[in-house]
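Report on the following structure.
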Amino acid sequence: MTVINEPIEDIAGADDRTTFEFSAPTVRESSDGLGMVTRRPLFAVADGGVLITPDLDHGPATVRIGQTAYNITIPDSGTPIRLWPLIEAG
């Protein structure tokens, strides 16, 4: 499981409370092989200029920011990771 921790700011450097929508692109087996991941989205909002997600199942995912969707791959990480490198890699 992986937590995403990303500072979020607007173009002027102010805190941004943008909503981020994370979902699996298809129904799939969970990374631990003990269950199933559905396409139901998780909505997360930056608080105090920082986006912190709950633990996310690693594997393929889609993150929607506003009207734009990005295909990402969430790695298995024991420490929090940033979102922007995942978007760039996708």
Side-chain angles (χ1 to χ4, degrees):
M1 302 291 271
T2 301
V3 171
I4 293 176
N5 184 322
E6 179 79 19
I8 306 294
E9 59 186 41
D10 67 18
I11 198 162
D15 292 352
D16 192 331
R17 293 193 46 85
T18 295
T19 298
F20 295 77
E21 178 183 332
F22 294 87
S23 61
T26 60
V27 175
R28 62 178 171 83
E29 184 173 39
S30 62
S31 58
D32 63 10
L34 299 176
M36 187 172 75
V37 175
T38 69
R39 295 187 63 200
R40 182 175 155 241
L42 164 80
F43 295 94
V45 178
D47 185 20
V50 180
L51 172 69
I52 301 174
T53 68
D55 277 334
L56 301 175
D57 193 78
H58 63 273
T62 301
V63 60
R64 181 175 297 278
I65 306 167
Q67 298 299 314
T68 306
Y70 302 93
N71 293 319
I72 62 173
T73 300
I74 300 170
D76 185 14
S77 177
T79 59
I81 61 168
R82 292 192 51 221
L83 177 59
W84 183 247
L86 301 180
I87 290 172
E88 280 188 313

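Computation of the quantities below employed the complete heavy-atom set of this structure, encompassing side-chain atoms and omitting hydrogens, waters and symmetry-equivalent molecules.
- Here the CG-CD distance, from Leu83 to Glu88, works out to 10.5 Å after rounding to the nearest 0.5 Å.
- The structure places OG1 of Thr53 at 9.5 Å from CE of Met1, a figure rounded to the nearest 0.5 Å.
- One distance of note links CG of Asp47 with CD1 of Ile8; it measures 12.0 Å at 0.5 Å rounding.
- Hydrophobic clustering (ILVMFWY, side-chain heavy atoms < 4.5 Å, transitive): Ile74 and Trp84 are in one cluster.
- The salt bridge (Lys or Arg N to Asp or Glu O under 4.0 Å) analysis of residues 21-42, with sequence neighbours excluded, yields the pairs Arg28-Asp57.
- Applying the salt bridge (Lys or Arg N to Asp or Glu O under 4.0 Å) definition to pairs two or more places apart or across chains, none involves residues 65-80.
- Atoms OG1 and CG, on Thr73 and Asn71 in that order, are 8.5 Å from each other to the nearest 0.5 Å.
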Assess the residue pair His58 and Ser31 against the criterion (side-chain hydrogen bond (donor to acceptor under 3.5 Å, both in side chains)); give the C-alpha distance rounded to whole Å, side-chain angles, the decisive distance to 0.1 Å, and a yes or no. CA-CA 6 Å; His58 63 273; Ser31 58; 3.3 Å; yes
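- The two atoms that bring Pro25 and Ala61 nearest to each other are CD-CA, 3.7 Å, heavy atoms only.
- Judged by distance alone, the side chain of Thr2 and the main-chain N or O of Ser77 form a donor-acceptor pair under 3.5 Å.
- Judged by distance alone, with hydrogens and angles left aside, the side-chain atoms of Ser23 form no donor-acceptor pair with the main-chain N or O of Pro41 at under 3.5 Å.
- Formation of a donor-acceptor pair under 3.5 Å by the Glu6 side chain with backbone atoms of Leu51 is not found in this model.
- Taking every heavy atom of both residues into account, Arg64 and Gln67 meet most closely at NH1-O, 3.3 Å.
- The structure places CG of Asn5 at 4.5 Å from CD1 of Ile52, a figure rounded to the nearest 0.5 Å.
- Using a 4.5 Å heavy-atom cutoff, the side chains of Tyr70 and Ile65 are in contact.
- In this structure, Leu56 and Leu42 have side chains that are in contact, with non-hydrogen atoms separated by less than 4.5 Å.
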Take Ile4 and Phe22, measure what side chain to side chain contact (heavy atoms under 4.5 Å, CB included) needs, and give me the verdict at the end. CA-CA 11 Å; Ile4 293 176; Phe22 294 87; 3.8 Å; yes
